Number of protein chains: 2
Amino acid sequence: MRIGQLAQLVGVETQTIRFYEKQGLLPPPDRQENGYRIYTEKHGERLAFIRHCRILGLSLAEIHELQSFQDDPHQPCNAINALLDDHISHMRLQITALQALEKQLVSLRASCNNDREVEACGVLAGISEGSLHHQ
Amino acid sequence: MRIGQLAQLVGVETQTIRFYEKQGLLPPPDRQENGYRIYTEKHGERLAFIRHCRILGLSLAEIHELQSFQDDPHQPCNAINALLDDHISHMRLQITALQALEKQLVSLRASCNNDREVEACGVLAGISEGSLHHQ
DNA sequence: TATTGACCTTGTAGTGACTTTATGGTTTTT
DNA sequence: AAAAACCATAAAGTCACTACAAGGTCAATA
């Protein structure tokens with residue numbers, strides 16, 4: 001199939017496919033006489049794998065690492081688990097940080113609920129205050 | 001004070017300060033005869049405000065908007081509140097999404113706890129499976 | 001037959017918020 | 001006097017694309 005069909009099948013834009021190829025995530029397919037790329041099912045599977053990893057929040061570098069395991073399935077899988085564990089703990093940190101920030105923002109927001117002038121509003125002052133207690 | 005001192009005071013790198021100046025977030029300071037920037041306390045406060053906004057997750061564009069209120073404090077403050085409300089609801093969405101992803105990753109990770117070969121590990125297969133049920 | 005439209009090609013630039021690198025001038029310390 | 005630390009500017013790199021420009025190819029229509 002050609003690049004447009006593959007794109008539609010997997011739900012990606014054609015540029016993204018070419019981009020993955022240039023990044024070395026998708027093997028360069030054969031070409032027709034006119035230069036058009038022709039893809040096989042294997043390419044589709046590989047592309048779907050990439051997309052799902054991205055949806056899970058993995059970086060292209062991490063995906064690259066996972067692919068090296070796909071390509072050589074007789075390695076021990078500890079490294080895969082380590083990669084996922086890393087990613088999970090990283091995500092947990094991120095979630096915790098976001099929740100803390102949300103709390104701060106909500107309490108900041110609570111410092112003004114009325115129609116006032118900026119001068120009397122308290123929100124900007126609240127931001128400035130906080131900024132000096134950091135680190 | 002000079003740029004390095006300001007940087008140390010606020011906990012930023014000097015390049016970041018010059019970057020904020022170029023972006024119009026920090027007013028261009030006076031210069032010494034040799035061209036070195038000289039900063040006042042006002043710059044320090046402004047820079048601290050920017051940093052704290054960044055730590056709260058506000059974009060430079062949002063900070064720019066807030067600064068226009070700082071610079072003209074006799075406007076009504078509804079717009080500030082609206083900006084914060086927007087940002088808070090955006091953050092809540094982000095947190096929910098991250099939590100869902102974490103759950104997926106954890107269950108994926110649970111598909112292999114042992115030392116196996118990649119082939120028998122199940123994690124990569126789990127990623128591939130999931131990828132086709134999306135959209 | 002000419003041309004329109006949909007598809008394909010390549011390469012380059014833009015996004016956000018910086019960070020890094022290159023190149024060179026100035027000041028301070030040894 | 002020389003080395004280290006600081007300052008300046010400008011340009012390129014980061015990440016994961018997205019958008020754009022300029023053109024080649026192909027099938028269907030006027």
Side-chain angles (χ1 to χ4, degrees), chain A residues 1-26 28-39 43 46-67 86-87 90-91 94 97-98 101, chain B residues 1-26 28-39 43 46-67 83 86-87 90-91 94 97-98 101 131:
Chain A
M1 68 182 114
R2 295 192 312 199
I3 198 169
Q5 292 167 280
L6 178 62
Q8 200 170 18
L9 187 69
V10 183
V12 199
E13 298 211 39
T14 55
Q15 297 109 308
T16 305
I17 295 174
R18 287 191 277 257
F19 171 73
Y20 287 156
E21 182 182 331
K22 210 178 344 183
Q23 300 303 112
L25 288 167
L26 210 52
D30 290 338
R31 304 284 185 127
Q32 287 177 349
E33 287 175 17
N34 56 16
Y36 289 14
R37 292 168 174 84
I38 12 175
Y39 291 100
H43 286 99
R46 190 107 180 190
L47 181 54
F49 178 81
I50 296 172
R51 286 314 298 176
H52 197 60
C53 287
R54 290 291 301 130
I55 287 162
L56 288 172
L58 297 168
S59 70
L60 296 192
E62 286 172 318
I63 295 170
H64 211 90
E65 215 174 319
L66 286 183
Q67 286 189 339
D86 263 21
H87 194 68
H90 187 253
M91 276 182 82
Q94 214 181 330
L98 276 175
L101 291 183
Chain B
M1 67 184 116
R2 297 193 309 198
I3 196 168
Q5 292 168 280
L6 178 62
Q8 200 170 19
L9 187 70
V10 182
V12 200
E13 299 211 37
T14 55
Q15 298 106 309
T16 306
I17 295 174
R18 286 189 279 258
F19 172 74
Y20 286 157
E21 182 182 330
K22 208 175 352 180
Q23 300 303 111
L25 287 167
L26 209 53
D30 290 339
R31 302 286 185 124
Q32 288 176 350
E33 287 174 16
N34 56 15
Y36 288 14
R37 290 169 175 83
I38 11 175
Y39 291 99
H43 286 99
R46 191 108 180 190
L47 181 54
F49 178 82
I50 295 171
R51 286 315 297 177
H52 197 60
C53 287
R54 289 292 300 131
I55 287 162
L56 289 172
L58 297 168
S59 70
L60 296 191
E62 286 171 319
I63 295 170
H64 212 89
E65 215 175 319
L66 286 183
Q67 285 189 340
L83 191 153
D86 264 20
H87 194 69
H90 187 254
M91 277 183 79
Q94 214 181 330
L98 276 175
L101 290 183
S131 67

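Predicted model, so just to flag it, every value in this text is computed and none were measured. To find a chain, count down the sequence lines: A is the first, B the second, and so on, and within it residues start at 1.
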Applying side chain to side chain donor-acceptor pair (under 3.5 Å) to A:R37 and not counting sequence neighbours gives A:E21
For B:Y20, the side chain to side chain donor-acceptor pair (under 3.5 Å) test, sequence neighbours excluded, returns B:R51
Its contact letters, B for base, S for sugar-phosphate only and - for none at protein heavy atoms under 4.0 Å, make nucleotides 3-16 of chain C read ----BSBB-B----
In the 5' to 3' direction, the nucleotides of DNA chain D bounding the stretch that comes under 4.0 Å of a heavy atom in chain B are D:dC6 to D:dT9
Between the OG1 atom in B:T16 and the CG atom in B:L26, the distance rounded to the nearest 0.5 Å is 11.0 Å
**OP:** Start with the C-alpha distance between A:R31 and A:I38, add both sets of side-chain angles, then the distance that settles side chain to side chain contact (heavy atoms under 4.5 Å, CB included), and finish with yes or no.
**Re:** CA-CA 6 Å; A:R31 304 284 185 127; A:I38 12 175; 5.6 Å; no
Can you confirm whether A:Q8 is buried at CD, in the sense that more than 12 heavy atoms of other residues, nucleotides or ligands lie under 6.0 Å from that atom?
no
Between CD1 of B:I17 and C1' of C:dC18 the distance, given in whole Å, is 13 Å
Overall bend of the helix from C:dT1-D:dA30 to C:dT30-D:dA1 (five pairs an end, 10° steps) is 30°
### Message
Checking side-chain polar atoms at under 3.5 Å, does B:R46 have a donor or acceptor matched by the opposite partner on B:Q67?
### Response
yes
Contacts of B:Y36 meeting side chain to side chain donor-acceptor pair (under 3.5 Å) (sequence neighbours excluded), chain-then-number -> none
- Show your reasoning for whether side chain to side chain contact (heavy atoms under 4.5 Å, CB included) applies to B:Y39 and B:L47. CA-CA 11 Å; B:Y39 291 99; B:L47 181 54; over 6 Å; no
Discussion item. What I'd like to find out is whether the side chain of A:C53 reaches to under 4.5 Å of the side chain of A:E62, using heavy atoms alone.
Written reply: no
Just by modelled atom types, is the A:L58 backbone N or O under 3.5 Å from a matching donor or acceptor in the A:R54 side chain?
yes
